[in-house]
Every structure is written in structure tokens, then in C-alpha cells.
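Structure first, then comments.
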Amino acid sequence: MEKESENRDKDWDYHLRSLSQSARDSTLANDPASDPSVLHTVKKLHEICKAEVSEDLIARVYPQINKLFQRAVAASLSQTRTSNGLLLLAILQFFLDFRESVLHDADASLRTFFRSCLSREFADPVVAEATIDFLNQNRTKLLSTFQLLLPQFFPLLLKLIAWNGLKLEKSFLKIFPGVMSPGSFLPLFPSLVDLPILVVALEKVERSSGSLIGSSIASIQKSTAPEMLLALMDEAYTGSTIEDRGGDSGTENGNNIDVADSIFLDLLKDENDGLVERQWTSPGTAAALQVATNTPQSDRLRQALQLTPRILDIYFRLALRDVNKSLTCALVPLLMSRNSTIFPDKVFSYEVRRRLLKFMLAAFQRSPEFIALLKKPIIDRLGEAYENPAKMELALQLCWAIGEHGGGGRSHKDAARELFESLELLLYENLSSSRLGLNQDSTLGSTNTTFRKSSQARLLCFVVTAIAKLATNHRELLPRAHVSLGKVARSRNADMRVWRRANDYLGLMKEPAICKSILEPPSGNELSPGTVNWSEGGSKMVAHIPFYILSEQEGPPFHDFSFSDIFPSKESEPIS
């Protein structure tokens, strides 16, 4: 033991002298990381201080390490060829472990690292991996003491994961919950959905400006912003588009991003500036996405397309578990607006839309009153049902939610009436015109025409069902529902499936108790007489089943059968 202590003292003296010499060496002043021994010395001194648990040793080391930190930060800002990321991370670990002993403001040092070093070295795979490992190692400290750090710099962390791809996925997902906070929850969603577009933007910068390592994209954004503002003013006041500026937009070999890519300026930021509306309809953005779609996908883009849905899974799971209702309610309109503006990759857009719709329905299931609170955006989306298949699918899911949850509940009669009127309008537009759903085009083949008719019929089945369910839950709407469904039943042009659905509901409405049992929202606290709670079907006997379900079976129901005997499980074999 005495020999180990003596060896440790020798190591201590040697490394402390080495650190002091490095701090005084003028040749290392502008680039301390150029000498690999400096990083080794910092790590060894940190290990000794941690093993000895001596405040005297910590106090003797701290001034030298703090001076070294300032020099490394200055070297990062001066864009030296040597990477300072690993050295700064080693020093930050010392600051975090002993901040109370030396009264060091570790929060300021962490922010300095993100702004001065990581913003320039996130594309360096070694620094990126070391940064994620550092954040994971200190996850508990960061979440308890520096709760606002990761939410503030989540755009920078997304650039890091977008550029380095799947190899950092598992480590990144471990720290991802720390990125979510009340201030970052809403801005984080569009940034996650746009992760593939972020890769396109970064690759565009690399092609036009060279390697991303050692240069701050944030400074490019600042230098381009005034020119972008002038371009937008020209477009607003003179009617000329941004592309009309021709050669004034910048040189081809310059460090600035082409001003036409206005969405890229927001995507490439390093810090959370709040929720910003992105100009998806700008010609520059559309052209950039078209190029990305028509050219072979890079390896980074393919990895981003795989990674994004998995990050969204965690985001939505945390949203349902930890986020308050007001923020969740504010997120739903964002989901609706982004449903049709997703990176144009077939598999990716399907996977993302599936998750968006699943979360939206889960939010309505947990808080049915959201439907009443969000009646304006819901009505707007119903009016867009025929613009494209993505908007039609969203309208279909909204119709289901409106009917399933009674337009928000019985206490929201005004909202239910307005939603009912929107459903009526959607129904009457199809009965009074020859619209087939999507835009008419005589050049399309019979297959496309059949698909359009089938999609329209599917939507109208949901509309008819929602009208019937709303009227069942809000009795004052029953007369109007009779009129609406009656028009469908009398229509000669209605699809057979829609016609049959409307007639079925008209028949049900003649039997109020039966209609309540089938169509009343299941979320009600009090069940009306004759209403079956279908979630308890496995424990009910046939005697509990309303007689209409037994169809035309004669005689009294048998009391020794359960619901499972009438409704076979999915695993059971079909009867031949």
C-alpha cells in the first residue's frame, strides 16, 4: 500500500509539472491539443484526484486545467487543424466531478463547449461518439442539475446523429429523453420529421463549402440571413421569385448556402429558437427535394430514413407518458399540418404517417375533449380530404375519432354541431356533384379511376358512421342525421357500400336502445340501459347480448355460452 501511494505521488508530481509546463508553453498556447500528451496528463490527474478524494489536490490542479480549457476553446474558435473535442470533454469531466469543490460554473463551460467546439466538430466521428458517451456517462447529473442544456442544443445533437448515422443510434436514444422539455417538446417534432432533409442540407453544404469539420454552419446561417431577408422582401413587393436574382445570390464556390434554400437555414441552426414555420411551398425547397428524390440516395440519407421512425416512436411514447395535456393538445394540429409534408420517400412517408395518425388517435382516446378544442383545424382538414391520398387518410381517421368520441363529449354540444355540419357538407358535396374524390383526369386509366372511387367510398362510409354516432350521442342532431342518411339511401349514384351503411344506420335509429348499444361512445361514465361494454365481452354470457345480435335465432338464448363462443378468437381456424 505504501509503495502504491509512493508511485501515485510520483505520478502526481510528474503530471502536474507536465500540465504546468504545457500551460506555460507558448508553442502550445494557440493549439494545446496538438500535443497528445496533454490529453493523457489531464485524464491521469483526474483519475488521481478521484482516487485520493483530496480537495487540496483538486484545488492545485484546477487553475491549470481551467487555463487549458480557455486555450482549447480559443483554439476551436480560431479553426485550427487539430481537433480539440476530446481534450475539452476530458476537462469538462473534471469540472463536472469536482465543480462543488472548486465552485466552478460547469453550466457555462458546457454551453461554451457546445457553441465553440461541437458546432464545428459534430461531423468528426471520433468527437461525435465521445460526446454521446460523455452525455450518457453524466446523464443523471445533466438531468438533475442542467435540465435546460440538452433541450437548448437539441438541433446541434440532431445534426450530430444525422451525420453519423446508425452507429450512434443506441447511445443517442438513451439520452433522447433528456432532450425533451416543455420548451423543446413542440419544436422538436418538426425537427425529427425533417431529419432526412437535414442530411440533404448538410450534404449540400459539404459539396459547396468543403468538409464540415472545423467550420461553423451557424456562422454561415448568420452571414446569409440578411441576403435571405432582402430576397424575401423583393418577392413580396415586386412579385419576383428568389430564383430571379440570378448571380446576385452568391458565388458558386463561396461559403454561403444558396439563398433559395430558405428551409435549410432553419434546419442548420445549433440552438432551439422555438417553433418556426418552415416554408415547404417555396420553389427552392421543392427543387432541392426533387433533386434528392431523383438522385441515388446517399448512405447517410438511407440511415436517416431508417432512424427517424424509431426516434419518433420514443418521442410519442414519452409524449403520452410524461407531457401535460396542454402541450399534447398543441402538438395535434402540428401533426395534421405535417401529415402531407414529409420527405418524399415511399416507405419513409408511410412509416412516419402511420406513427402520426396512431399518436393522434391515442391522444384523442386519452383526452376526447381535444376534438372539441381543436374543431377548427379538424374542420379545415375535412375540407382538404380530396386534395391527395395522404389528406384523405387523415380526414378518414378524423371522421372515425369524431364519431367514436362523440365530438368531444356531451358537454361540447356547440362543437359537436359544427363538426356535424362539416360532415354533412362533405357528404352533400359527393351527392350533389359528379366528383369522384381526387382530381378528374380523363387520361387516367380504369385502374386509377377504380382506386379513386374505392377511396371515396371508404371515406364516405366513415363519414356516414360518424354522422350516425354523433346523432346518437347528441340527440338534438337526430332529425338532421335522418335527413342526411335518407338522402344517401335515396341516391342512385351512391356506392353500394355507402348506400348499405346508410340504410343500416337508418334502421338502427328506429330502435333507440339498440342504437345506443352499438353507436354510443364507449368512453361515457354512465351506460344507458341495454348498452354493452364490449371490453368485458370475455366475461359476459349470451344472456347479456341484446337480442338483435343473435339475428333471427329462435328460442331463448343459452346461458352457458360466453361472448368468446360467438366471436371466435383470431387464432381459431376458419370453418370450412
Side-chain angles (χ1 to χ4, degrees), residues 325 329 332-333 336 360-383 385 394-431 459-491 498 500-535 546 548:
K325 287 187 175 182
C329 186
V332 174
M336 297 181 191
M360 183 184 71
L361 295 179
F364 287 150
Q365 177 71 30
R366 190 178 71 166
S367 305
E369 66 274 13
F370 285 177
I371 297 176
L373 296 173
L374 300 173
K375 63 181 180 181
K376 179 62 170 62
I378 290 176
I379 291 173
D380 291 343
R381 301 309 165 201
L382 292 179
L394 174 61
L396 185 149
Q397 300 293 341
L398 289 174
C399 288
W400 183 89
I402 291 170
E404 182 71 8
H405 303 294
R410 293 181 178 175
S411 60
H412 299 280
K413 294 188 177 296
D414 291 339
R417 177 181 50 79
E418 294 182 42
L419 292 168
F420 186 89
E421 291 171 353
S422 297
L423 294 171
E424 275 184 325
L425 180 61
L426 195 57
L427 185 64
Y428 290 155
E429 281 182 345
N430 290 271
L431 296 179
L459 173 63
L460 290 183
C461 283
F462 276 74
V463 171
V464 167
T465 301
I467 287 176
K469 285 187 172 184
L470 268 182
T472 302
N473 197 50
H474 299 273
R475 305 290 294 176
E476 67 277 6
L477 298 176
L478 270 176
R480 295 176 64 172
H482 277 287
V483 173
S484 301
L485 300 181
K487 288 188 177 183
V488 178
R490 293 191 299 271
S491 175
V498 182
R500 187 183 298 115
R501 184 75 57 96
N503 278 280
D504 288 344
Y505 290 141
L506 284 172
L508 277 176
M509 287 179 180
K510 294 178 182 178
E511 301 290 341
I514 296 176
C515 192
K516 274 180 170 291
S517 175
I518 296 178
L519 299 180
E520 195 171 58
S523 56
N525 294 327
E526 297 183 3
L527 296 178
S528 302
T531 302
V532 175
N533 187 350
W534 299 106
S535 63
Y548 68 89

Got a second to check how far [X]'s [atom1] is from [Y]'s [atom2], nearest 0.5 Å?
X: S422; Y: L398; atom1: OG; atom2: CG; answer: 11.0 Å
X: T465; Y: E404; atom1: OG1; atom2: CD; answer: 10.5 Å
X: I402; Y: K469; atom1: CD1; atom2: NZ; answer: 12.0 Å
X: L423; Y: I467; atom1: CG; atom2: CD1; answer: 5.5 Å
X: M509; Y: L485; atom1: CE; atom2: CG; answer: 5.0 Å
X: Q397; Y: L459; atom1: CD; atom2: CG; answer: 10.5 Å

Quick check: closest heavy atoms across [X] and [Y], and the distance to 0.1 Å?
X: G407; Y: A372; result: O-CB, 3.9 Å
X: A363; Y: V332; result: CB-CG2, 4.3 Å
X: L470; Y: G406; result: CD2-C, 3.6 Å

Quick check: do [X] and [Y] have side-chain heavy atoms less than 4.5 Å from each other?
X: L394; Y: M360; value: yes
X: M336; Y: I378; value: yes
X: F370; Y: K325; value: yes

[X] bridged to [Y] by N-O distance under 4.0 Å:
X: R417; Y: E476; result: no
X: K376; Y: E418; result: no
X: R500; Y: D504; result: no
X: R410; Y: E520; result: yes

